[in-house]
There are 4 protein chains.
Amino acid sequence: MCALKDKKQLIISAAIKCFAQKGFHATSIQEIVDTAGIAKGSVYSYFKSKEDLLFVAIKHEYDRMMSGVLSVANDINLTPRERLAAQFQHMLQVTLEYSDFIATLKNETDLMVNDQMKAFLNDMHKADFQWYCQSILAIYGDDAKPYVFDAAIIIQAVVKHFTYMDRVQLESTELTRFFMDRLDDLVDGMIRKQQKPILNKEQSENNANPCSPDTSFSYEDSLKAVQSIRVYIKQSKLETKIKTASLSYLTVLDHEITKDQIDPIITTAMISHLKSLGLAEILINLNNLEHYALNQ
Amino acid sequence: MCALKDKKQLIISAAIKCFAQKGFHATSIQEIVDTAGIAKGSVYSYFKSKEDLLFVAIKHEYDRMMSGVLSVANDINLTPRERLAAQFQHMLQVTLEYSDFIATLKNETDLMVNDQMKAFLNDMHKADFQWYCQSILAIYGDDAKPYVFDAAIIIQAVVKHFTYMDRVQLESTELTRFFMDRLDDLVDGMIRKQQKPILNKEQSENNANPCSPDTSFSYEDSLKAVQSIRVYIKQSKLETKIKTASLSYLTVLDHEITKDQIDPIITTAMISHLKSLGLAEILINLNNLEHYALNQ
Amino acid sequence: MCALKDKKQLIISAAIKCFAQKGFHATSIQEIVDTAGIAKGSVYSYFKSKEDLLFVAIKHEYDRMMSGVLSVANDINLTPRERLAAQFQHMLQVTLEYSDFIATLKNETDLMVNDQMKAFLNDMHKADFQWYCQSILAIYGDDAKPYVFDAAIIIQAVVKHFTYMDRVQLESTELTRFFMDRLDDLVDGMIRKQQKPILNKEQSENNANPCSPDTSFSYEDSLKAVQSIRVYIKQSKLETKIKTASLSYLTVLDHEITKDQIDPIITTAMISHLKSLGLAEILINLNNLEHYALNQ
Amino acid sequence: MCALKDKKQLIISAAIKCFAQKGFHATSIQEIVDTAGIAKGSVYSYFKSKEDLLFVAIKHEYDRMMSGVLSVANDINLTPRERLAAQFQHMLQVTLEYSDFIATLKNETDLMVNDQMKAFLNDMHKADFQWYCQSILAIYGDDAKPYVFDAAIIIQAVVKHFTYMDRVQLESTELTRFFMDRLDDLVDGMIRKQQKPILNKEQSENNANPCSPDTSFSYEDSLKAVQSIRVYIKQSKLETKIKTASLSYLTVLDHEITKDQIDPIITTAMISHLKSLGLAEILINLNNLEHYALNQ
DNA sequence: GATGAATGAGGGTTCATTCAT
DNA sequence: GATGAATGAACCCTCATTCAT
């Protein structure tokens with residue numbers, strides 16, 4: 001009964017371990033199945049392809065790790081400061097358990113095998129960043145408001161750096177205290193100095209964005225992008241009504257792009273509608289289209 | 001002669017550009033030569049293999065970038081604080097020029113194709129970190145001494161994070177001011193709070209060390225390592241004198257390892273001599289031997 | 001200089017020979033390269049895929065064979081009867097030379113690996129049939145007009161059967177005489193009996209039609225078909241003007257299909273335009289769309 | 001018992017349907033079981049292998065179709081002409097019911113997966129042809145005798161062509177009348193013109209023969225063939241009496257082959273006896289032996 | 001008897017590397 | 001020195017077949 005789940009998890013664990021050691025592209029399916037101790041063909045009972053295995057594995061490990069982290073981080077009996085500290089502490093504690101997953105994540109470019117992965121990694125970074133922003137605002141109040149992004153990006157960088165430092169065994173309680181102290185130092189300093197912040201909202205959203213719009217996006221690329229989105233939507237399981245509407249928006253988009261003069265209002269509106277579908281798989285293409293359309 | 005150099009540089013640039021976009025393993029030689037506009041066979045006139053191309057390209061771009069950075073950073077007319085600021089500023093300014101190189105570096109695991117690359121990346125990180133340590137000590141004096149590593153690792157993390165944030169165009173003067181201010185905030189806070197530092201020298205040396213000594217290094221492994229080094233040195237193009245001396249050191253090392261009681265002084269001395277040859281290819285084996293010998 | 005052409009021809013010959021012996025799907029690339037005496041990878045220098053190799057090989061052999069057949073068949077110094085006889089004779093004479101190609105063609109279903117192949121085989125059959133129709137009309141005059149299709153399909157069947165009868169060595173002059181005599185017998189009999197013919201124009205067009213419109217074509221299929229055509233046209237090398245226009249027609253088609261009531265006039269017009277592009281690759285989809293649209 | 005039969009028939013029907021659509025090699029067991037709505041393993045309860053499934057399915061469908069065709073065709077109350085007409089008509093009427101089977105047969109090469117299949121398809125063609133020969137002789141009398149093979153091969157070609165023309169719905173009564181009329185035209189013409197016929201008995205036997213005896217059959221091959229037949233008979237489920245007799249015949253055959261002078265009478269007799277066992281599996285070997293023995 | 005997860009040989013394809021021109 | 005056709009190892013993936021349940 002549980003055999004299926006177990007085997008899938010077995011493959012995921014083996015894959016994550018291999019990806020951590022050699023990266024996605026340098027890892028062969030053979031190495032994964034050898035690690036898992038199963039036959040080559042079995043992988044394809046559970047995953048459509050090597051790419052799919054990567055995506056499912058990353059997503060699954062992320063969810064597994066986050067479920068623990070968030071349960072602690074969202075404890076409503078804690079003050080915001082205690083909550084952030086709790087989150088730090090928990091994350092540091094599970095670092096070892098998820099060391100392979102974390103090591104796998106270090107190879108951004110290598111993991112971006114398709115738009116789905118790009119969108120997922122992007123979402124991960126953004127969610128991470130936003131949580132820091134919220135925490136900082138809650139802890140330090142309105143005085144810190146202008147510096148939320150500046151502080152968040154620093155703390156994100158530091159935490160990432162420490163979790164990526166493999167094999168170093170640091171005591172998590174002390175390290176948590178250290179992070180909180182440094183955050184205090186930073187925010188206090190920022191508020192005291194009252195200088196212009198480095199990052200505004202928009203810039204911060206590009207933070208560590210592994211799929212920020214491709215500036216070399218061409219006319220042909222945009223046509224392909226529309227096409228690709230159309231295909232995705234058509235085969236999606238959206239309500240018929242929404243699907244039809246979305247396809248209409250796409251047609252409009254197509255017309256706009258083909259025109260000599262792109263109307264930014266219409267284009268933005270259409271893209272906005274499509275973004276609101278919440279389909280991570282097409283997000284990157286929408287971003288690219290948006291960037292292309294607004295810079296013609 | 002110059003034509004040769006030009007072509008080599010052309011290939012390196014094309015390779016770095018491709019590696020930046022897709023990673024090392026996902027980039028084919030064909031893509032590189034297409035980008036460079038040359039024939040496939042030509043790559044092998046200048047580089048032994050794809051791995052060699054990666055190594056030479058990374059090293060070359062690193063040297064090129066560093067020559068600029070260091071020339072500014074080592075300006076003796078500046079105070080230590082001004083020097084660090086100058087280094088920040090310069091690094092931020094050249095970020096765009098070296099964006100492909102920087103993007104290539106983001107994929108640590110993907111780049112570690114052999115011991116040579118591992119050793120080189122490790123050295124890069126260490127040199128970086130040590131420069132920050134020295135700067136901090138020089139700027140903040142003895143009060144900061146206990147916190148040098150803590151501060152250095154944070155500032156390293158932050159700078160790396162910002163340089164890796166691609167395409168975000170921030171004004172370098174402001175950003176430099178920002179980095180310096182944050183460093184002030186952090187070091188001031190650390191000194192004021194007078195808490196126990198997080199990192200000691202040893203731990204800091206493992207910082208972001210992608211090829212720290214393999215702790216599972218066995219007796220057999222160490223024998224193999226010595227043998228492997230011996231082979232490498234024999235076929236190397238070192239001066240005869242130096243080569244002979246090095247092989248003698250190796251013989252001593254071999255004896256030590258085989259003994260029941262390894263003499264740390266002798267062992268360290270031999271390894272130190274061998275490290276001073278500057279042969280990146282044997283560095284990792286030397287590190288592993290060192291770790292093994294000192295932990296018996 | 002000719003090496004490239006030679007090698008391509010070598011691969012084609014080997015492939016056709018293998019396909020003739022075992023069929024397309026049962027033939028591995030390894031067998032083909034063993035037959036050709038080259039390395040596996042070389043196939044992919046000349047052909048995109050095994051499917052592409054099949055298509056190019058069939059098309060190439062067909063053209064090669066037809067160039068000879070047609071040059072004889074179109075000799076304007078001959079009477080229609082002599083022309084048909086000349087065509088028979090020539091075809092029988094080259095049967096041996098092209099025996100592998102002819103044997104390959106016996107496996108209709110096995111060869112229909114994609115729409116391109118389906119369309120090509122269909123076109124082959126149709127061209128064949130039409131040539132017989134024209135010849136019969138030219139030889140026997142208006143009296144034979146009602147029976148053109150009936151006679152043509154019989155003679156086509158017989159010729160095909162004899163060319164497919166491998167290993168039987170029949171004298172081509174006698175066989176040609178035989179074919180002409182039998183055709184005389186048949187047409188004379190038909191005219192004499194003055195019965196209703198079996199085939200009308202429409203039915204005859206379905207003769208051995210391996211890709212007549214798929215009657216189970218669904219709404220989703222039609223959307224996919226439009227999509228597929230759009231992709232094909234976009235990546236085609238049509239003039240920009242024509243491409244743009246074609247894409248507009250497609251958009252209109254898309255709208256029509258999505259509507260509750262499909263307008264047959266508009267739909268037919270759009271499909272007609274697209275058919276006139278002469279792109280064999282999209283022909284089958286257009287046929288399917290036409291059939292679907294007109295039967296809603 | 002009946003459930004078993006039903007399931008076997010279910011698998012056969014599903015298999016034939018799939019083979020018709022995509023051919024044997026391009027059809028996977030998975031597709032067949034999906035079509036049948038059963039589990040993958042079940043196929044192997046009823047069939048030894050995919051090849052066996054093909055063979056049994058083809059044979060089964062052929063028998064099923066022929067039982068109907070023959071029951072009509074052998075009606076002794078009809079004149080020979082009425083009998084042939086009845087056979088035509090019946091065949092045309094069941095064309096739809098057996099359309100998948102007929103479509104499957106179109107791919108001769110694809111179906112020839114082993115000697116068993118080759119022999120079976122060959123036998124099918126021969127039986128077909130011989131029935132036409134007999135019918136023609138019975139209808140047109142001795143005048144037609146020289147032209148029996150010529151007429152039969154034409155009518156076989158035409159009927160095959162029409163049955164292979166899928167989806168064309170022609171009225172079977174009219175088509176039967178058409179076939180009979182055309183046969184009249186052809187035979188009348190042949191008798192009237194009194195020319196030398198194209199095919200003699202021997203040539204006609206090669207008609208569409210997909211597995212005529214292997215002319216390169218060697219002495220060693222013939223020994224192997226006898227051995228192979230012996231093994232097959234030993235493990236067969238023949239009556240003990242028949243089995244013993246058959247093995248004796250084989251021993252005689254063995255002796256003959258080993259002799260310097262093979263006695264054609266004895267050899268032919270032995271082979272004839274063995275052929276009469278009706279074991280398709282050994283037929284091809286018997287044919288090869290016969291060919292070898294009679295050409296020494 | 002029925003099932004479908006597991007197996008691994010073998011398929012098509014890619015690509016680093018070589019070498020004759 | 002420059003070229004790119006040729007090579008074949010190794011990749012990802014499919015699928016006929018087996019077997020424990």
Side-chain angles (χ1 to χ4, degrees), chain A residues 1 3-4 6-8 11 25-33 36-53, chain B residues 1 3-4 7-8 11 24-34 36-54 113, chain C residues 1 3-4 6-8 11 25-33 36-53, chain D residues 1 3-4 7-8 24-34 37-54 113:
Chain A
M1 186 187 75
L4 191 145
D6 285 356
K7 193 115 177 204
K8 193 165 183 175
I11 296 171
H25 283 100
T27 299
S28 71
I29 294 286
Q30 191 59 57
E31 286 170 301
I32 293 170
V33 298
I38 57 167
K40 215 168 174 177
S42 295
V43 168
Y44 294 89
S45 304
Y46 300 93
F47 306 94
K48 284 199 301 255
S49 63
K50 194 187 169 192
E51 282 191 11
D52 183 51
L53 168 56
Chain B
M1 190 190 77
L4 190 145
K7 197 140 185 182
K8 192 164 184 176
I11 297 171
F24 174 73
H25 282 100
T27 297
S28 69
I29 294 284
Q30 190 60 57
E31 285 171 297
I32 294 170
V33 298
D34 286 349
I38 57 164
K40 202 147 95 189
S42 296
V43 169
Y44 292 86
S45 304
Y46 299 95
F47 306 93
K48 283 196 307 248
S49 65
K50 195 186 169 193
E51 284 190 8
D52 183 51
L53 168 55
L54 172 69
V113 292
Chain C
M1 188 186 76
L4 190 144
D6 285 355
K7 193 115 180 204
K8 193 165 185 174
I11 296 172
H25 283 101
T27 298
S28 70
I29 294 285
Q30 190 60 56
E31 285 171 300
I32 293 170
V33 298
I38 57 166
K40 215 168 174 179
S42 295
V43 169
Y44 294 88
S45 304
Y46 299 93
F47 306 94
K48 284 198 302 256
S49 63
K50 194 185 169 193
E51 282 191 12
D52 184 51
L53 169 55
Chain D
M1 190 188 78
L4 190 145
K7 195 137 183 185
K8 193 164 183 174
F24 173 74
H25 283 99
T27 298
S28 70
I29 294 284
Q30 189 62 56
E31 285 171 300
I32 294 170
V33 298
D34 286 349
I38 58 163
K40 203 147 104 192
S42 296
V43 168
Y44 292 86
S45 303
Y46 299 95
F47 307 93
K48 283 195 307 242
S49 64
K50 194 185 167 192
E51 284 189 9
D52 183 51
L53 168 56
L54 173 67
V113 292

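Chain A is the first sequence line, chain B the second, and so forth, proteins listed ahead of strands; every chain is numbered from 1.
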Just how far is it from atom CG of Leu54(B) to atom CZ of Phe47(B), taken to the nearest 0.5 Å? 10.5 Å
Provide, to the nearest angstrom, the distance between the CG atom belonging to Asp52(D) and the P atom belonging to dA16(F). 14 Å
Between C1' of dT17(F) and NZ of Lys50(D), the distance in whole Å: 12 Å
Between Asp34(B) (CG) and dC15(E) (C1'), how many Å, whole number? 13 Å
Shortest non-hydrogen separation from Val43(C) to Ile11(C) and the atoms involved: CA-CD1, 4.1 Å
Hey, is the side chain of Lys7(D) poking within less than 4.0 Å of OP1 or OP2 on dT3(E), counting only N and O atoms? yes
Atom-pair distance (CD1 on Ile32(D); P on dT14(F)), nearest Å: 18 Å
Excluding sequence neighbours, so at least two apart, what forms side chain to side chain donor-acceptor pair (under 3.5 Å) with Asp52(D)? none
Which pair of non-hydrogen atoms, one from Phe24(D) and one from Lys50(D), has the smallest distance, and what is that distance? O-NZ, 3.2 Å
For Ser49(C), all residues meeting side chain to side chain donor-acceptor pair (under 3.5 Å), sequence neighbours excluded: none
Could you check how far CD1 of Ile29(B) sits from P of dG4(F), rounded to whole Å? 15 Å
Please determine if a side-chain N or O atom of Tyr46(B) lies less than 4.0 Å away from the OP1 or OP2 oxygen of dA2(F). yes
Name the residue closer to the 5' end of DNA chain F, choosing between Ser28(D) and Ala39(C) according to the nucleotide with the nearest heavy atom. Ala39(C)
The answer to which of His25(C) and Ser49(B) contacts DNA chain E further toward the 5' end, by nearest nucleotide, is His25(C)
Once you round it to whole Å, what is the distance between C1' of dG1(F) and CD1 of Ile11(B)? 12 Å
Look up atom OG1 in Thr27(D) and atom CD1 in Ile32(D), then write down how far apart they are to the nearest 0.5 Å. 6.0 Å
How long is the straight-line distance from OG of Ser45(C) back to NZ of Lys7(C), given to the nearest 0.5 Å? 8.0 Å
In dot-bracket, 5' to 3', how would DNA chain E read with Watson-Crick or G-U wobble pairs under 3.5 Å, [ ] for crossing ones and | for pairs to another strand? .||||||||||||||||||||
note: Gln30(C), atom CD; dA10(F), atom P; distance rounded to Å ~ 15 Å
Closest contact, heavy atoms only, Ala26(D) versus Glu31(D): O-OE1, 3.6 Å
Ser42(D) side chain near dT3(E) phosphate (N/O to OP1/OP2, under 4.0 Å): yes
Rounded to the nearest angstrom, tell me the gap between atom CZ in Phe24(D) and atom C1' in dC15(F). 12 Å
Between Glu51(A) and Ile38(B), the residue closer to the 5' end of DNA chain F by nearest nucleotide is Ile38(B)
Write down the protein N/O and nucleotide N/O pairs, taken from nucleotides 18-21 of chain F, whose separation is under 3.5 Å; answer none if there are no such pairs.
none

Listed partners of Gln30(B) passing side chain to side chain donor-acceptor pair (under 3.5 Å), at least two apart: Asp34(B), Lys40(B)
